[in-house]
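A short worksheet on the structure shown next.
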Number of protein chains: 2
Amino acid sequence: MSQNHTSWATINTEVEAHIEKALCGKQPPMVFDPMNHLIFEVPRSMAPALCIAACEAVGGRKEQAIPAASALHLMHVATYTHEYLHLSDKSMVATMPHHEFEPSIELLTADGMIPFGYELLAAMEDPANNNSESVLQVMIEIGRAMGSQGMINGQYLNVRCLGLDGEKPCDQEGMMDQMFEKKGGGLYSCGAACGAILGGGSDEEIEKLRRYGLYVGMIHGIMVHDKSGKEKRLLKLADSLRFLALKELEGMKDKNTEPICSLMDGFSAFLRVQKFHFPQKV
Amino acid sequence: MSQNHTSWATINTEVEAHIEKALCGKQPPMVFDPMNHLIFEVPRSMAPALCIAACEAVGGRKEQAIPAASALHLMHVATYTHEYLHLSDKSMVATMPHHEFEPSIELLTADGMIPFGYELLAAMEDPANNNSESVLQVMIEIGRAMGSQGMINGQYLNVRCLGLDGEKPCDQEGMMDQMFEKKGGGLYSCGAACGAILGGGSDEEIEKLRRYGLYVGMIHGIMVHDKSGKEKRLLKLADSLRFLALKELEGMKDKNTEPICSLMDGFSAFLRVQKFHFPQKV
């Protein structure tokens with residue numbers, strides 16, 4: 001397991017190196033200092049690593065997916081920053097642990113990250129490899145996952161579940177589950193699908209990995225939401241999702257899905273710590 | 001002049017129709033109601049119209065530029081919404097005249113528009129026309145114009161000029177001029193360049209129209225900033241920019257630049273109302 005951990009850490013380091021290189025020398029510092037700060041400060045998601053692992057799982061090379069993985073990280077940082085922005089609305093409970101910059105600066109900095117992410121994607125075009133079509137497909141995937149029917153919808157649901165803007169918190173279980181699906185689920189499934197597209201996966205492989213990402217992203221969302229693992233219903237949901245996720249990979253036995261599968265190790269350990277019984281093998 | 005006005009209005013209507021069609025039937029209403037509201041409520045920029053006019057000026061068809069013009073409108077609405085967001089920072093003087101929705105909703109709604117804009121761009125791909133390369137080029141143009149070295153940089157400069165976040169207003173003329181360049185200038189020059197790229201313009205035409213857009217966008221920014229036309233320095237600057245803009249079009253005499261040129265009519269009228277003397281013909 002420690003070997004897998006190193007490997008995920010290495011992937012994240014390579015993604016950060018790619019972003020650092022793209023940012024290198026950009027002016028002015030008053031714009032790029034806060035951007036640098038947020039890019040490397042915001043808690044990581046596993047979507048970029050999943051993107052690269054999915055690319056390799058379908059036989060692609062890591063390098064084909066690094067710009068997309070970097071763009072996914074930027075999108076994640078941008079939405080995270082806006083979600084935890086300190087708004088005038090006093091009932092907004094979700095604030096970042098530490099705000100290095102004023103809200104107006106954080107707001108604009110995150111705004112600058114999204115087009116920067118698309119710039120990285122567009123720069124992937126390589127006429128020698130005739131990859132324009134997959135690059136555009138990846139852009140559509142990311143647009144959908146981050147847009148109004150994806151992440152933004154999830155963030156709205158979050159606002160409603162938390163009962164912001166003077167409304168009562170809405171404690172419908174269905175709404176919360178849909179929030180996990182749209183936020184973490186959408187981001188991770190997009191990451192996996194993009195990796196598979198760029199690695200030249202078949203339609204079936206892309207869809208399998210997309211679903212795998214969806215389940216893993218939802219589990220991650222549940223873990224972040226219920227850090228102490230007190231909500232039995234959510235732990236049960238996470239375990240069913242884990243079962244479904246592994247089932248998707250079963251159908252890809254001829255592929256190297258071990259690294260992707262190892263994403264679950266951490267979750268399994270988490271669920272074990274929560275003393276929630278689940279089968280060791282699927 | 002009234003004929004030109006109709007023509008610009010028609011273009012804007014077509015752009016809005018394109019966006020409406022793309023939004024049609026999207027769920028859920030709690031996400032798309034505020035999006036619809038903002039898209040049609042925020043003051044228009046001329047960047048989308050300029051994009052279409054530039055496309056036609058280099059011999060392209062209007063239809064080739066409408067999705068890019070629509071994306072430009074979405075980007076403009078998103079940045080405008082965030083710029084006028086009601087933040088907790090009490091010194092933030094720039095607030096929208098009327099806020100239909102709570103700040104957290106406005107924040108997220110604008111976030112959803114940017115990926116939606118890129119989705120519209122990516123959907124322009126048409127293998128029959130082998131246009132992937134220009135679509136990707138347009139995405140890079142828009143990414144740069146809206147990102148940290150473009151619009152975001154301009155908005156930062158605006159924050160500093162206004163003296164937000166507890167700082168003293170900075171009244172350096174150079175900083176203000178750079179703000180006009182990065183905000184309106186960047187948006188309009190991007191619109192014109194994208195139109196010229198999609199219409200199949202030569203590199204020289206693209207660069208000419210890009211500079212034309214830059215000057216026109218700066219003039220527009222000055223007019224919005226100094227509505228009453230009291231700042232003589234800015235009126236002089238606007239007039240020099242108008243001169244430079246028309247000069248760019250002079251070099252394109254074989255092209256139909258009349259519609260694009262008519263963009264200036266409104267500005268000329270504005271400058272005349274301000275009783276600022278400038279030559280009628282360049």
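Each chain gets a letter, A, B and so on, in the order the sequences are listed, and its residues count up from 1.
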**Asked** Between A:Ser148 and B:Met35, is any pair of side-chain heavy atoms under 4.5 Å apart?
**Response** yes
Which atom pairs, donor and acceptor, lie under 3.5 Å between side-chain atoms of residues 114-126 of chain A and protein residues at least two apart or in another chain?
| residue | atom | partner | partner atom | Å |
| --- | --- | --- | --- | --- |
| A:Tyr118 | OH | A:Gly143 | N | 3.4 |
| A:Glu119 | OE2 | B:Arg144 | NE | 3.1 |
| A:Glu125 | OE2 | A:Ser132 | OG | 2.8 |
| A:Asp126 | OD1 | A:Ala128 | N | 3.2 |
| A:Asp126 | OD2 | A:Asn129 | ND2 | 2.7 |

**Request:** Considering non-hydrogen atoms only, spot the tightest contact between A:Ile152 and B:Leu108 and give its length.
**Result:** CG2-O, 3.4 Å
**Prompt:** If you count heavy-atom pairs under 4.5 Å between each of B:Ile142, B:Leu136, B:Val135 and chain A, which one has the most?
**Reply:** B:Leu136
**Message:** Just verifying a value: how many Å separate A:His82 NE2 and B:Leu85 CG, rounded to the nearest 0.5 Å?
**Reply:** 9.0 Å
**Request:** Give, for atom CE of B:Met30 and atom CG of A:Asn153, the distance between the pair rounded to the nearest 0.5 Å.
**Result:** 5.5 Å
**Prompt:** Can you say whether B:Phe101 sits under 4.5 Å from chain A via the side chain, the backbone, both, or neither, judging by heavy atoms?
**Reply:** neither
**Portion of A:Leu157 that has a non-hydrogen atom of chain B nearer than 4.5 angstrom** = both
**Message:** Less than 4.5 Å to any heavy atom of chain B: does that hold for the side chain of A:Glu141, its backbone, both, or neither?
**Reply:** neither
**Message:** Are there over 12 heavy-atom neighbours, none belonging to A:Glu63, within less than 6.0 Å of that residue's CD?
**Reply:** yes
**For chain B, the option from A:Met139, A:Gln149, A:Met146 that forms the most heavy-atom pairs under 4.5 Å** = A:Gln149
